[in-house]
Amino acid sequence: QVQLVESGGRLVQAGDSLRLSCVVSGRTSTTATMAWFRQAPGKEREFVAARTWSGRNTYYADSVKGRFTISRDNAKNTVYLQMNSLKPEDTAVYYCAIDSRGSLRTSSRYYDYWGQGTQVTVSS
């Protein structure tokens, strides 16, 4: 059974940086895609960033491109989301997720495993 546990969310000011972590436990396919999604109050869950397990391919939502970076530390079984130049509109609960079949898909319905989420609040 794959389990994901996010951490790192907190209250920050606009322009600050923050790094979210997602510890992955259990067996994961080497063809899987790792991704971050977010959900703001009253809004649908939206795609943020994705990365193939090998790291050869990444994909970002236009709203975060150039500001956020998804990465992975193999030794720690941890996926990170480095967020720079944060804006109030980045405020949301952030979730990490795994799509066992890979393909850098941006729709949440393809993702098999989810963490519990971590709250990021950006004040203006």
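Starting from 1, each residue takes its place in the sequence as its number.
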Give a yes or no on whether the backbone of [Y] and the side-chain of [X] come within a donor-acceptor separation of less than 3.5 Å.
X: T118; Y: Y94; answer: no
X: E6; Y: C96; answer: yes
X: T33; Y: L104; answer: yes
X: R19; Y: G8; answer: no

[X], [Y]: one ILVMFWY side-chain cluster at the under-4.5 Å cut-off?
X: L81; Y: V23; value: no
X: V12; Y: F68; value: yes
X: V48; Y: Y80; value: no
X: V24; Y: Y113; value: yes
X: M34; Y: Y110; value: no

With a 4.5 Å limit on heavy-atom distance, are the side chains of [X] and [Y] in contact?
X: T31; Y: R101; result: no
X: R10; Y: L18; result: yes
X: Y95; Y: L4; result: no
X: V79; Y: R51; result: no

Determine the minimum heavy-atom distance between [X] and [Y], stating which atoms define it.
X: S85; Y: D90; answer: O-OD2, 4.4 Å
X: A32; Y: I98; answer: CB-CG2, 3.9 Å
X: M83; Y: L86; answer: CB-CD2, 3.8 Å
X: A40; Y: A92; answer: N-CB, 3.8 Å
X: D112; Y: S100; answer: OD2-N, 2.7 Å

Nearest-0.5 Å distance, [atom1] of residue [X] to [atom2] of residue [Y]:
X: T91; Y: Q119; atom1: OG1; atom2: CD; answer: 7.5 Å
X: Q116; Y: Q3; atom1: CD; atom2: CD; answer: 10.5 Å
X: K87; Y: S124; atom1: NZ; atom2: OG; answer: 14.0 Å
X: Q39; Y: E46; atom1: CD; atom2: CD; answer: 9.5 Å

List the atom pairs, donor and acceptor, that lie under 3.5 Å between side-chain atoms in residues 57-64 and the rest of the protein, sequence neighbours left out.
from	atom 1	to	atom 2	distance (Å)
Y60	OH	I70	N	3.0
D62	OD1	K65	NZ	3.1

| task | Ignoring hydrogens and angles, state whether a donor on the side chain of R105 or S107 is under 3.5 Å from an acceptor on the partner side chain. | result |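 Their side chains do not contain a donor-acceptor pair, so the 3.5 Å distance test is not met.
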
| task | Return the set of residues passing ring-ring contact (aromatic ring centres under 6.0 Å, His included) with F37 (not counting sequence neighbours), or none when no residue passes. | result |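 Counting only residues at least two positions away or on another chain, F37 forms a ring-ring contact (aromatic ring centres under 6.0 Å, His included) with F47, Y111, W114.
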
